[in-house]
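Owing to the predicted nature of the structure, the values given are computational and were not obtained by experimental measurement. Lettering of chains follows the sequences in order, A, B, ..., and the numbering in each one begins at 1.
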Amino acid sequence: MSLKVFNTMGGRKEAFVPATPGKVRMYVCGVTVYDLCHVGHARANVAFDIIVRYLRHAGYEVRYIRNFTDIDDKIIRRASQEGIPFEAVTGKYIDAFHEDFDRLGLLRPDAEPRATEHVPEIIALVSGLVRAGKAYAVDGDVYYAVKGFPEYGKLSGKNVEDLLAGARVEVDERKRDPLDFALWKASKPGEPAWDSPWGPGRPGWHIECSAMAMKHLGETIDIHGGGKDLVFPHHENEIAQSEAATGKPFARYWLHNGFVNIDNEKMSKSLGNFFTLRDVLARVKPEVLRFFLAASHYRSPIDYSDRSLAEAKAGLDRLYRVKEKAEICRAAGAAPSALPEGEEFAPLRDARNRFDGAMDDDFNTAAALGRLFDAVRALNRLAPDDPAAEREKAGQFLAGYELLEPLFGVLGLLRISAGDYFRLEIHVMDTVGVGENLSATVRPSEADVLKRIEARKAARARKEYAEADRIRKELEAAGVLLEDGKAGTTWKYRE
RNA sequence: GGCGGCAUAGCCAAGCGGUAAGGCAGAGGACUGCAAAUCCUUUAUCCCCCGGUUCGAAUCCGGGUGCCGCCUCCA
């Protein structure tokens, strides 16, 4: 089995072969930090988070870099609107980014370079391009001359004539060619500025990624990732300027994630149809969003809706119930033993291979989750009713669970204990349940619940089922779900 | 106008030439005092439409229809 990835360059799946065997150098375009992140950003970041996790799981040593664009027009505008320095804007939103994405369980990249920390490298790169005649300075701006790069358009499948024919190319008298783009922008008075051979100014957007990728990873990287909307012009321009500067291919594989849609339309700032990550994480547990994102292939568009989240939650609950059973087995003193023979347990015994097989096909998380659910069904057959009394089953169950746990980990799922998932995280109110909305009721404490369970147990022992049912219903109304098993009654908060 | 993508059950979603994964929801059964959870069974004669290639197509080709994206800042 070997990994295949869909390379935007060429538009097809290819065998994944990094430049150095066993090592992967990966750069993902991060966000411009002028505002809060929304679900679309979460999609991209979760997609590449899973890709990094899977590559490591597959044995690669991955060096993963993701930048922050911390200087650009939007940031400057925001700063002047709020009357604060631009660093205050970027600092605030970088903190917010980390806060939001830590909750989503994203791995921190090996470095998170910022454009403003790489101005010398950027100036060196631009100077080189000017010296080589690939770029030209006009009134303190520096533009890249697209005509000097015959392969321009090779990533996005566009050709220069078509682009010129389109009426949407901005007209700028100072450019030699309408397609030329800024490598360096002269600053207006009062704007943030760095000294340069062309006067005070700041980096253009595209050049920062070339400079930072080269500095942190070298002239040819293995994987360059980002959202589909970055293919043109951003990544096309990165290729042009980088390859003109080095004469080497900039990236071996270009990976692009699809969009998050609302009612079949791209979620975006300009359409105003976006939900910030904070909006969403105030309503559902972080892993519910992760599950929702992992349930589709990373290149497909996905439609975001309350219903999708509710379905994701139902699926994730099922997985956490398995983890809960494993925790109960452990608490009962079970130790992992051998897995049982038998065809019906094959999806469990062979889970790793099946999971890897799905992921090897261009990180097909949807299929991989399917294999995991197959394994979960097999595993549930082993679930003991009473772990303390059924040692063998408990040991087998635990062994099966421990086989699956790392695979869930690749998807970034089941990261917390089931106890926490079902009980302690009640500050996160799941209000997207189908049809029900629990508003802000105060839920009973664990001690109260246990007290009521004892009372109910006594009632049941006396066969006073009406009283037992009354207690259960009372707790249910307060948001607590009781489940009677052979080994006793367990409970969880419900939505 | 140029380039690209998508259309699979009530909903979500895999599938990449060999006879429709998985999840959610639903139905029946087992278990249970009753529930819940779990297990078992069940739910697309068929993959937008029309042609074609093939022993064989949801999968390939041609033509439609519908939706979306990029070409401007954008994950």
**OP:** Could you check whether A:Arg456 gets within reach of a base, just the sugar-phosphate, or nothing at all, counting any heavy atom under 4.0 Å?
**Re:** base
Original post:
How is A:Ser308 classified with respect to the nucleic acid when contacts are heavy atoms under 4.0 Å: base, sugar-phosphate, or nothing?
Top reply: nothing
Subject >> A:Thr8 side-chain N/O to B:G4 phosphate OP1/OP2 under 4.0 Å >> reply: no
Original post:
Which nucleotide sits closest to the side chain of A:Asp361: B:C70, B:G23, B:C16?
Top reply: B:C16
**OP:** With the side chain of A:Leu163 defined as its heavy atoms from C-beta on, choose the nearest nucleotide among B:A37, B:C39, B:C71.
**Re:** B:C71
Subject >> Whole-Å gap separating C1' (B:C71) and NZ (A:Lys228) >> reply: 16 Å
Original post:
Would A:His98 and A:Phe68 satisfy ring-ring contact (aromatic ring centres under 6.0 Å, His included), going step by step from the backbone distance to the final call?
Top reply: CA-CA 11 Å; A:His98 282 142; A:Phe68 285 116; 5.6 Å; yes
Original post:
Under 30°, 30 to 60°, or over 60°: which ring-plane class applies to A:Phe363 and A:Tyr54, parallel, tilted or perpendicular?
Top reply: perpendicular
Subject >> Shortest non-hydrogen separation from A:Leu36 to A:Ala96 and the atoms involved >> reply: CD2-CB, 3.8 Å
**OP:** Using only side-chain N and O atoms of A:Asn380, determine if any of them is under 4.0 Å from OP1 or OP2 of B:C39.
**Re:** yes
Original post:
For A:Phe373 and B:G22, is the gap between ring centres under 5.5 Å while the planes differ by less than 30°?
Top reply: no
**OP:** Please determine if a side-chain N or O atom of A:Arg321 lies less than 4.0 Å away from the OP1 or OP2 oxygen of B:C39.
**Re:** no
Subject >> Length of the CG-P vector between A:Asp362 and B:A13, whole Å >> reply: 17 Å
Subject >> side chain to side chain donor-acceptor pair (under 3.5 Å) evaluation trace for A:Tyr401 with A:Glu405 >> reply: CA-CA 6 Å; A:Tyr401 178 74; A:Glu405 191 156 52; 2.9 Å; yes
Original post:
Do A:Lys266 side-chain and B:C68 base share a donor-acceptor contact under 3.5 Å?
Top reply: no
Subject >> Between B:A27 and B:A21 - P atom distance, rounded Å >> reply: 23 Å
Subject >> Polar side-chain contact A:Asp229-B:C73 base: donor and acceptor under 3.5 Å >> reply: no
Original post:
Could one point to a donor on the side chain of A:Arg472 or the base of B:C34 with an acceptor on the other under 3.5 Å away?
Top reply: yes
Original post:
Does A:Ile207 reach the side chain of A:Trp184, with side-chain heavy atoms less than 4.5 Å apart?
Top reply: no
**OP:** Would you mind telling me which of B:C70, B:C11, B:G33 lies closest to the side-chain atoms of A:Tyr465?
**Re:** B:G33
Original post:
Is there a donor N/O on one and an acceptor N/O on the other, under 3.5 Å, for the side chain of A:Lys269 and the base of B:C73?
Top reply: no
Subject >> Out of B:G22, B:A37, B:A75, whichever nucleotide has its closest atom nearest the side chain of A:Asn257 >> reply: B:A75
Original post:
Roughly how many Å is it from CG in A:Asp317 to P in B:U38, rounded to a whole number?
Top reply: 10 Å
Original post:
Of A:Ala378 and A:Phe292, whose nearest nucleotide on RNA chain B comes first from the 5' end?
Top reply: A:Phe292
**OP:** Compare every heavy atom of A:Phe101 with every heavy atom of A:Cys37, then report the nearest pair and how far apart it is.
**Re:** SG-CE1, 3.7 Å
Subject >> Closest listed nucleotide, where the reference is the side chain of A:Val260 and the choices are B:A75, B:A35, B:C24 >> reply: B:A75
Original post:
Of the nucleotides B:C73, B:A75, B:A37, which one has an atom closest to the side chain of A:Ser270?
Top reply: B:C73
**OP:** Tell whether A:Asp469 reaches the base of B:G33 with its side chain through a donor-acceptor pair below 3.5 angstrom.
**Re:** yes
Original post:
Nearest to the side chain of A:Lys325, which nucleotide is it out of B:A36, B:U38, B:G69?
Top reply: B:U38
Original post:
Which whole-number value in Å describes the distance from A:Leu271 CG to B:C70 P?
Top reply: 9 Å
Subject >> Side-chain donor/acceptor of A:Arg43 to base of B:A75, under 3.5 Å >> reply: no
Original post:
Which whole-number value in Å describes the distance from A:Phe232 CZ to B:C70 P?
Top reply: 13 Å
Subject >> Base B:G33 paired with A:Arg460 side chain (donor-acceptor, <3.5 Å) >> reply: yes
Original post:
Between A:Asn159 and B:G2, is there a side-chain N or O to OP1/OP2 distance below 4.0 Å?
Top reply: no
